[in-house]
> 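Supplied in structure tokens, the structure appears directly below.
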Number of protein chains: 4
Amino acid sequence: MGGPARHHGNRHGRSEAAREAVLEAADDLLTERGFAGVTVEGIAARAGVAKQTIYRWWPSKVDILLEALGSDLAQHLTPADGGTLAEDLRKHLRALARFLTRSDPGMVLRALAGQAQHDPELAARLRAEQLAPQREREAARLRRAVESGDLPADLDLPSAVDQLVGPVYYRVLVTGEPVPPAFTDALVDGFLRAHGSAANGS
Amino acid sequence: MGGPARHHGNRHGRSEAAREAVLEAADDLLTERGFAGVTVEGIAARAGVAKQTIYRWWPSKVDILLEALGSDLAQHLTPADGGTLAEDLRKHLRALARFLTRSDPGMVLRALAGQAQHDPELAARLRAEQLAPQREREAARLRRAVESGDLPADLDLPSAVDQLVGPVYYRVLVTGEPVPPAFTDALVDGFLRAHGSAANGS
Amino acid sequence: MGGPARHHGNRHGRSEAAREAVLEAADDLLTERGFAGVTVEGIAARAGVAKQTIYRWWPSKVDILLEALGSDLAQHLTPADGGTLAEDLRKHLRALARFLTRSDPGMVLRALAGQAQHDPELAARLRAEQLAPQREREAARLRRAVESGDLPADLDLPSAVDQLVGPVYYRVLVTGEPVPPAFTDALVDGFLRAHGSAANGS
Amino acid sequence: MGGPARHHGNRHGRSEAAREAVLEAADDLLTERGFAGVTVEGIAARAGVAKQTIYRWWPSKVDILLEALGSDLAQHLTPADGGTLAEDLRKHLRALARFLTRSDPGMVLRALAGQAQHDPELAARLRAEQLAPQREREAARLRRAVESGDLPADLDLPSAVDQLVGPVYYRVLVTGEPVPPAFTDALVDGFLRAHGSAANGS
DNA sequence: TGCTAAGCGAGACGGTACGTCGCGTCTTTAC
DNA sequence: GTAAAGACGCGACGTACCGTCTCGCTTAGCA
């Protein structure tokens with residue numbers, strides 16, 4: 001009563017309740033049992049949903065995780081634009097490190113990035129839907145710095161983004177070492193020393 | 001035919017022929033069908049080996065791939081020490097990019113790095129056996145530069161390595177973009193500009 | 001076009017068009033793909049009818065087939081009463097054999113008889129609606145023969161019917177052998193020799 | 001311990017324990033829940049056997065039931081040859097009626113005969129493996145009667161068998177009526193009156 | 001010069017999850 | 001108030017691999 005009303009599937013299309021239960025179940029299973037513990041049968045059982053309902057809407061379990069990721073990156077990882085360039089970049093890399101190493105959606109992203117090494121199609125979707133927009137958000141902050149003269153006009157934005165975030169992803173995905181603020185701050189400092197104006201606050 | 005001759009079991013220990021056939025079959029399956037196509041049954045069938053023989057010597061299929069990787073990293077990715085720091089670093093990053101994106105062992109490494117996101121135990125082994133030694137090889141070249149005065153004495157070597165190779169791994173594992181020499185060269189230039197001596201040849 | 005006109009639901013009661021389409025679709029599917037090919041979904045799709053419409057009017061797919069059978073038995077298998085007893089019985093058993101082995105409704109009856117072995121409720125309905133009336137039609141002809149003195153007064157009619165038609169059903173349902181006129185004629189001859197008057201035409 | 005020794009599958013071939021457990025489980029499920037309750041999953045669960053083990057050795061569940069039937073017909077339904085023809089036939093038809101209506105293997109046979117109406121391949125196998133040999137056993141008794149002069153030399157044996165057993169199967173499979181000794185005895189009497197010698201003892 | 005014991009190819013076993021099919025129920029919109 | 005449409009929870013299907021096991025063969029080293 002009131003609202004879109006609960007239903008069990010009809011000609012309007014899919015059940016929103018089922019959709020949300022699936023996404024949440026997938027997320028829960030990933031955090032509780034890891035990627036290998038995410039099975040379509042397990043999701044169906046935990047979500048109280050029929051397997052066929054899952055297959056009707058998602059081609060595979062990674063598509064579920066992709067959808068579960070949703071707009072988490074945009075929400076958590078849009079660089080601030082309120083302070084000096086150095087301040088904003090330090091804040092962003094700290095947030096990125098925290099997101100990747102500690103948050104639930106960060107765990108989803110890591111699992112998908114891992115699976116993408118085995119699955120080129122997933123890799124393409126992951127990049128198109130999540131990573132490219134995220135890189136554009138990061139590039140945008142640098143672009144403004146270029147416009148304001150804080151960074152040189154001939155800066156190659158994509159490469160600049162890679163120099164900043166690359167080492168963070170590398171530590172998280174490859175070496176597994178912690179990514180403390182000191183590390184990310186030093187990254188920003190080095191970046192600004194290499195390209196930046198002298199005036200790098202701090 | 002010369003050599004230890006093929007045999008079907010004896011009391012002298014394991015069959016070297018079987019071991020090699022397994023490693024090669026695993027490698028072949030990975031390049032031909034991708035990680036999902038690497039199954040113990042498939043390896044056994046292609047190698048002409050019994051499943052039990054595989055389980056006798058390797059706990060899982062990723063252990064096979066780890067062993068197949070062998071010393072490929074040390075062979076292909078030991079930084080040169082024959083030129084200027086800039087020259088050696090540029091050469092190394094180019095080699096790293098080529099190894100990761102084009103070589104067969106690079107494909108194995110990427111698959112293992114992907115699987116490591118789902119399997120902490122594999123992650124630990126991969127780091128201990130392959131990645132840590134590799135990072136040490138890279139740190140060694142920088143250490144010599146510190147000793148020769150080309151880099152500042154207070155340089156944090158692990159962080160420095162991350163700044164150099166991190167963006168390369170990031171492109172390969174995450175964004176999937178190509179890693180041309182221009183990119184790696186610019187990486188070296190930025191690194192030297194941030195930390196380096198004035199003498200960064202070229 | 002003339003007639004009650006096709007409609008998609010109204011308040012005038014059920015759609016005769018839908019009913020007929022369902023019966024015909026079920027019959028077609030049975031003859032084309034066999035009993036396993038008769039599914040509610042398949043009937044609905046072929047009849048251009050919603051599944052719910054089927055479930056509204058028939059409890060299960062066997063009820064559809066039962067209704068499809070309709071009065072086919074009465075039409076095809078009412079024993080004649082125009083000749084001598086021997087003539088009428090021979091004609092009837094020949095017609096029975098032909099109906100069971102060659103006709104479409106005969107195929108439906110065989111499928112239902114088969115399914116009835118797994119489904120006591122169907123068995124009961126099949127007997128009540130189709131088989132008992134059919135046996136009564138056959139008994140009726142014998143009863144007249146008793147009344148006319150062609151058969152002994154103490155004849156047990158049900159058993160007599162079984163002796164005549166039992167071997168025919170047995171061949172059709174169990175042994176699968178052909179049921180030629182010679183077989184049914186011999187059946188009648190034996191029956192009349194066992195119970196009958198001497199005067200058995202031929 | 002002595003005997004063929006328990007094993008879990010090896011190069012000798014299949015596990016006899018698994019085979020027997022499957023046959024028994026199928027039989028139990030049929031008697032307890034009916035044919036629809038006989039599922040491969042259910043058999044596997046009850047037998048403590050993997051589904052794949054079932055599919056490895058039996059193409060379908062009806063093959064399991066066919067094998068479960070085994071030599072039950074030969075054991076229970078071989079006509080006696082110790083008395084007069086009339087005595088032996090009466091005894092046999094009574095046994096047949098009891099077997100079909102009351103015994104477990106009789107239930108299996110009825111289920112298979114029912115399913116055979118939907119499955120021509122099963123029908124062929126059922127006839128070849130069970131029904132034809134059974135008919136031959138019955139024909140054999142009649143053949144001896146012919147040889148001893150109790151039945152006419154020109155008797156068509158298959159037809160004679162059909163006249164005797166056909167009505168019994170018909171009652172069991174089609175009308176569902178009981179098949180009391182009075183019915184089968186009358187059947188024998190009629191048969192002997194139609195074809196037989198005067199000497200129909202009892 | 002056999003005996004013996006380890007490694008081997010072979011493959012059946014109990015399991016888990018896969019992706020598909022059909023069931024019978026439901027909810028909605030159109031007529 | 002019936003009809004078409006179709007999503008839903010459910011159960012079973014038949015398949016692919018998993019990791020374990022038992023077996024008989026092969027082959028060296030020891031008695």
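Throughout, a chain's letter reflects where its sequence line sits, starting with A, and its residues are numbered from 1.
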> Which residues pass the side-chain contact (heavy atoms from CB on, under 4.5 Å) test with B/Arg125, sequence neighbours left out?
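With neighbours one apart ignored, the set is B/Asp63, B/Leu66, B/Glu129.
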
> Would you mind listing every salt bridge (Lys or Arg N to Asp or Glu O under 4.0 Å) that reaches into residues 42-54 of chain B, with sequence neighbours excluded?
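Those involving residues 42-54 of chain B are B/Asp28-B/Arg46, B/Glu32-B/Arg46, B/Glu41-B/Lys51.
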
> In this structure, how many angstroms lie between the P atom of F/dT2 and the CZ atom of C/Arg19, rounded?
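Roughly 16 Å, once rounded to whole Å.
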
> Specify the separation, in whole Å, of atom CD1 of A/Ile64 and atom C1' of E/dC18.
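Spelled out: CD1 on A/Ile64 to C1' on E/dC18 is 13 Å.
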
> Whole angstrom is fine here: how far is it from CZ in A/Arg14 over to C1' in E/dT27?
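Those two atoms, CZ and C1', are 17 Å apart.
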
> Got a sec, which residues hit salt bridge (charged side-chain N to carboxylate O under 4.0 Å, His left out) with A/Arg19, two or more places apart in sequence or on another chain?
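Listed in chain order: A/Glu16, A/Glu67.
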
> Can you sort out the partners of D/Arg127 under side-chain contact (heavy atoms from CB on, under 4.5 Å), two or more places apart, ordered by chain and number?
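So D/Arg127 forms a side-chain contact (heavy atoms from CB on, under 4.5 Å) with D/Ala123, D/Leu131.
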
> Can you spot which of D/Val22, D/Val49, D/Leu23 makes a side chain to side chain contact (heavy atoms under 4.5 Å, CB included) with D/Ile43?
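So, applying the side chain to side chain contact (heavy atoms under 4.5 Å, CB included) to D/Ile43 and each of D/Val22, D/Val49, D/Leu23, only D/Val22 qualifies.
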
> Pull out every residue in residues 29-42 of chain B that has a heavy atom closer than 4.0 Å to any atom of DNA chain F, ordered by number, or say none.
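Only B/Thr39, B/Val40, B/Glu41 qualify.
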
> I'd like to check the salt bridge (charged side-chain N to carboxylate O under 4.0 Å, His left out) partners of C/Lys61; sequence neighbours left out, ordered by chain and number.
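Salt bridge (charged side-chain N to carboxylate O under 4.0 Å, His left out) list for C/Lys61, sorted by chain: empty.
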
> Return the value, rounded to whole Å, for the distance between atom CD1 of A/Ile43 and atom C1' of E/dG19.
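Taking atom C1' of E/dG19 as the reference, CD1 of A/Ile43 is at 14 Å.
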
> Of the residues in residues 50-62 of chain A, which ones touch DNA chain F at a heavy-atom distance under 4.0 Å?
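Heavy-atom cutoff 4.0 Å gives A/Ala50, A/Gln52, A/Thr53, A/Arg56, A/Trp57.
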
> Suppose we screen for side-chain contact (heavy atoms from CB on, under 4.5 Å). Which residues come up paired with A/Asp104, at least two apart in sequence or across chains?
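Testing A/Asp104 for side-chain contact (heavy atoms from CB on, under 4.5 Å), a comparison that skips the adjacent residues, returns A/Asp27, A/Thr31.
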
> Sequence neighbours excluded, which residues qualify as side-chain contact (heavy atoms from CB on, under 4.5 Å) partners of D/Glu121?
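side-chain contact (heavy atoms from CB on, under 4.5 Å) list for D/Glu121, sorted by chain: D/Asp119.
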
